Participant: 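Okay, here's the structure, questions in a sec.
Predicted model only: the values in this text are computed from it and were never measured. Throughout, protein chains are lettered first and strands after them, A, B, ... in sequence-line order, and every chain is numbered starting at 1.
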2 protein chains.
Amino acid sequence: MPRVPSSASNDRPPVRQTRIQKAKREAILDAALDVFSQHGFRGATLDMIATRAGLSKPNVLYYFAGKEAIYTQVLSQILETWLDPLVSMDADGDPLQELRAYVGRKLEMAREFPRESRLFATEILQGAPEIEGLLSGELRKLVEEKAKVISGWSAAGKIAPVHPKHLIFSIWATTQHYADFRTQIDMVLGTGEDPFPEAAAFLDHMFARLLAPVQAPDSTPSGGKP
Amino acid sequence: MPRVPSSASNDRPPVRQTRIQKAKREAILDAALDVFSQHGFRGATLDMIATRAGLSKPNVLYYFAGKEAIYTQVLSQILETWLDPLVSMDADGDPLQELRAYVGRKLEMAREFPRESRLFATEILQGAPEIEGLLSGELRKLVEEKAKVISGWSAAGKIAPVHPKHLIFSIWATTQHYADFRTQIDMVLGTGEDPFPEAAAFLDHMFARLLAPVQAPDSTPSGGKP
DNA sequence: CCGCAGTTTGACCAAATGGTCCAGTTCAAG
DNA sequence: CTTGAACTGGACCATTTGGTCAAACTGCGG
């Protein structure tokens, strides 16, 4: 038993991987995302993950070193995607457009990847034991950088003056809310319909109003047609 | 052993309660709030709760029927307080003042009761199995009622037209974010200082700008001094 | 000081669960 | 077809954990 699999840390494509290995590992990771996002780390069991992936428990352990290794892997895969929308906010684009697009992209992620959003939320709620480093390292630096960009836009009169970091927090909060608190939203709204279209309109309107320059800066002063 | 304690369901003060019973039950509930909010239901153990309350595990079980009974009790106590700020939003008050006060009260709760906020968030994240009834009953009705009030204010030109329910969602999201995601906020901001003063200023400004009537309705048109 | 309801806990129990072993089965290269 | 490596899963193990029990202890009204 050569025991090749189980690459707990970083994924290196070079390490030879059978077609079957790739498929099974993906199946396990997807099942794990399901289970972890629904029950949290402690609430999830290997049996749940195995069953959902269509494998036996020992077989899951053949591909991953253990429960924690699976969790770590799932989480690190999420994080790549998670920062993307903020990263792609362009300092050279039109300020108001860029920020509204960021809100839109973030809301789109809440709609497309609710499991990821919930898992991330759970992890942070419990003190982010697993991703502490990333938060105080990569994320902090990124926010610092983008906050400067936003401050620049404010100073140039392109958008209204706002506290840039708290603006970012409010964007995270409002968009992720539609994934993380979906249960509550459905119960308050009545489960009949998709809340996202109205949410998109509301949030776009809200941030447009917040950010519209107070005095006409150089072009169209109004936010847009509601 | 008459086994008087353990009133799992509603709390009825009439049922005789020793001074010692009251004290111990409170200690257990407080310890449980600590532990449940930090680890979730599954992640919490009776031993953690017992230790934190300064009791032995069997002793805890003497006062409560079981782990779930403790959890239910903690949760139901929270919910009373939780809806309070929204309840006290007065339809006859000044619209903008009422809404800004609501935001302020809600943020204050995030600051004063972060454990409660996190426990509530965890519960909803996992599908709110324990409080489903309350959400789709009491809460839904309350939101329905307050949404009508807000719509009335909009129609009367007292505040700008907004989707009332999504406005409420955005208030919940932004305020609770400072409790639920506190770990992330500290890491992004640098743990040095209290984020709440700036958060209060930012959120007040944001909602004031969102809600300020577009055309002067009948009195002071501007939102206030920044 | 007695007696008993009220209180406390060490010792235990059974189920759940992360993880291991090893005897098989499948697969693909030669 | 052969053969060794890759893969699979039934049986098993150790720990954790929610919960039980009976024996012991405490405090107070009579």
Participant: Checking A:Phe202 now: which residues fulfil ring pair (Phe, Tyr, Trp, His ring centres under 6.0 Å) with it, not counting sequence neighbours?
Facilitator: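 For A:Phe202, no residue satisfies ring pair (Phe, Tyr, Trp, His ring centres under 6.0 Å) once neighbours in sequence are set aside.
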Participant: Calculate the interatomic distance between A:Phe64 atom CZ and D:dC7 atom C1'; express it in whole Å.
Facilitator: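 After rounding, the reported distance stands at 15 Å.
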Participant: Given atom CG of B:Leu55 and atom P of C:dG10, what is their separation to the nearest angstrom?
Facilitator: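 From B:Leu55 CG to C:dG10 P: 12 Å.
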Participant: Taking protein heavy atoms under 4.0 Å as touching, what does nucleotides 13-20 of chain D look like 5' to 3' if B marks base contact, S marks sugar-phosphate-only contact and - marks none?
Facilitator: ----SBBB
Participant: Check the distance between C:dT9's P and B:Tyr62's OH and give it to me in whole angstrom.
Facilitator: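 Nearest whole value for this atom pair: 12 Å.
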Participant: Please report the shortest heavy-atom distance between A:Thr175 and A:Lys106, naming the atom on each side.
Facilitator: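 For A:Thr175 versus A:Lys106, the nearest heavy atoms are OG1-CG, 3.2 Å.
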Participant: How many angstroms lie between atom CG of B:Asp90 and atom CD of B:Glu98, to the nearest 0.5 angstrom?
Facilitator: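 If we round to the nearest 0.5 Å, B:Asp90:CG and B:Glu98:CD are 5.0 Å apart.
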Participant: For A:His39 and C:dG18, give me the distance from atom NE2 to atom P, rounded to whole Å.
Facilitator: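 It works out to 12 Å between those atoms.
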Participant: To the nearest 10 degrees, how far apart in direction are the end axes of the helix from C:dC1-D:dG30 to C:dG30-D:dC1, each fit to five base pairs?
Facilitator: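 Nearest ten degrees gives 0° for this helix.
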Participant: Heavy-atom count around A:Glu68 CD within 6.0 Å, excluding the residue itself: above 12?
Facilitator: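 No - once you tally the heavy atoms of other residues, nucleotides and ligands closer than 6.0 Å, there are 12 at most.
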Participant: In chain order, what residues pass the ring pair (Phe, Tyr, Trp, His ring centres under 6.0 Å) check against B:Phe207, with sequence neighbours excluded?
Facilitator: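 Testing B:Phe207 for ring pair (Phe, Tyr, Trp, His ring centres under 6.0 Å), a comparison that skips the adjacent residues, returns none.
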Participant: Tell me whether the NZ or CZ atom of B:Arg25 lies within the 45° cone about the ring axis of B:Phe64 and under 6.0 Å from its centre.
Facilitator: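 Output yes; distance and angle both within limits.
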Participant: Find the distance A:Ile28:CD1 to D:dC7:P and express it as a whole number of Å.
Facilitator: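 It is 11 Å, rounded to the nearest whole Å.
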Participant: Between P on C:dG19 and CG on A:Asn59, what's the gap in Å once rounded to a whole number?
Facilitator: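 Taking atom P of C:dG19 as the reference, CG of A:Asn59 is at 15 Å.
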Participant: Assess whether atom CD of B:Glu138 is packed by more than 12 heavy atoms of other residues, nucleotides or ligands within 6.0 Å.
Facilitator: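 No, because the 6.0 Å sphere around CD of B:Glu138 holds 12 heavy atoms or fewer from other groups.
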Participant: Under 3.5 Å, sequence neighbours excluded: what are the donor-acceptor pairs made by side chains of residues 51-59 of chain B?
Facilitator:
residue	atom	partner	partner atom	Å
B:Thr51	OG1	B:Asp47	O	2.8
B:Arg52	NE	B:Asp34	OD2	2.9
B:Arg52	NH2	B:Asp34	OD2	3.4
B:Ser56	OG	B:Asn59	N	3.4

Participant: Tell me the interatomic distance from B:Arg25, atom CZ, to C:dT7, atom P, rounded to whole angstroms.
Facilitator: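 The distance from CZ of B:Arg25 to P of C:dT7 comes to 11 Å, rounded to the nearest Å.
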Participant: Got a sec, which residues hit ring pair (Phe, Tyr, Trp, His ring centres under 6.0 Å) with A:His163, two or more places apart in sequence or on another chain?
Facilitator: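 If we apply the ring pair (Phe, Tyr, Trp, His ring centres under 6.0 Å) test to A:His163, skipping adjacent residues, the hits are A:His166.
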Participant: Side-chain N or O of B:Gln21 less than 4.0 angstrom from OP1 or OP2 on C:dG6?
Facilitator: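 No.
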